[in-house]
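Down below is the structure, laid out as structure tokens.
For this chain, numbers begin at 1 and follow the sequence in order.
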Amino acid sequence: MDTTELLRIAAKGADDKLGTDIVALDVSSTLYITDAFLIVSAENERQVGAIVDGVEEALLKQAGRKPLRREGRGTGDWVLLDYGDIVVHVFSTEQREYYALERLWKDVPVIDVTIDETADDDDSADDAAPVDTESDGPAAGTETR
């Protein structure tokens, strides 16, 4: 499995747990210890933990991969998951702003890890619910409060 596919699986796992500002950076030309970073934000410590669990679960289930090392689990505001060829950073919003990894790595290429919502769980398009394109109400599947 290539690096981009691993990043997409991890990004989807983070997104499923409401991770935000998901960015993947190709650091392979600068670092010899890894190929890419995936950076994710969370609103609070509890969500950091949920995102970490979601990423670990997704990579184990879909790629058979476990992290080689995990750092920062006890602090809850920045957790690093090292998978060798990718490193996932899950930050609280405040810590992400403070450390500003995107600014530090601004010269490296960004990797597109767009999450394809239509491919969830290998459902075929034939099984999908029809979308009402003429309604002025909320989008299908959204909840109003």
- prompt: Does N44 have any side-chain hydrogen bond (donor to acceptor under 3.5 Å, both in side chains) partners at least two apart in sequence or in another chain, and if so, which?
  reply: none

message: Please check: side-chain N/O of T3 versus main-chain N/O of D35, any donor-acceptor pairing under 3.5 Å?
response: no

task: Verify side chain to side chain contact (heavy atoms under 4.5 Å, CB included) between K66 and L60, making sure each step is shown before the conclusion.
output: CA-CA 6 Å; K66 291 182 179 183; L60 182 60; 3.8 Å; yes

field: Non-hydrogen atoms of A24 and V113 that approach each other most closely
entry: CB-CG1, 3.8 Å

Exam field: side chain R8 to backbone D112, donor-acceptor pair closer than 3.5 Å: yes

pair S41-T20: side-chain heavy atoms closer than 4.5 Å: yes

- line: Minimal heavy-atom distance between A58 and I9, with the atoms involved, is O-CG2, 3.5 Å

- prompt: What closest approach, in Å, do G19 and V40 show between heavy atoms, and which atom pair accounts for it?
  reply: CA-CG1, 3.7 Å

message: Is it the case that the side chain of E5 and the backbone of M1 share a donor-acceptor pair, with hydrogens and angles ignored and the cut-off at 3.5 Å?
response: no

query: Going from CD on E43 to CD1 on I51, what distance comes out if it is rounded to the nearest 0.5 angstrom?
result: 9.0 Å

task: Verify, without hydrogens or angle tests, whether T34 (side chain) and G84 (backbone) share a donor-acceptor contact under 3.5 angstrom.
output: yes

field: Pairwise side-chain contact, L81 with E56, heavy-atom cut-off 4.5 Å (strictly under)
entry: yes

task: For residues T4 and I111, determine if any side-chain heavy atom of one lies less than 4.5 Å from a side-chain heavy atom of the other.
output: yes

task: Using the salt bridge (charged side-chain N to carboxylate O under 4.0 Å, His left out) rule, collect all pairs that involve residues 83-100, keeping only residues at least two apart or in two chains.
output: R65-D85, R96-E102

- request: Determine the minimum heavy-atom distance between K17 and A50, stating which atoms define it.
  value: CG-O, 3.3 Å

query: Is the backbone N or O of L18 less than 3.5 Å from a side-chain atom of Q47, with the two atoms forming a donor-acceptor pair by type?
result: yes

field: Contact summary for L7 and A36, nearest pair of heavy atoms
entry: CD1-CB, 3.7 Å

- request: Give me the other members of the hydrophobic cluster that V23 sits in, counting Ile, Leu, Val, Met, Phe, Trp and Tyr linked by side-chain heavy atoms under 4.5 Å, directly or via other members.
  value: L25, V27, L31, Y32, I33, F37, I39, W78, L80, V87, F91, Y98, Y99, L101, L104, W105, V108, V110

- prompt: Do V55 and L59 have side-chain heavy atoms sitting under 4.5 Å apart?
  reply: yes

field: Close side-chain approach of L38 and I86, heavy atoms under 4.5 Å
entry: no

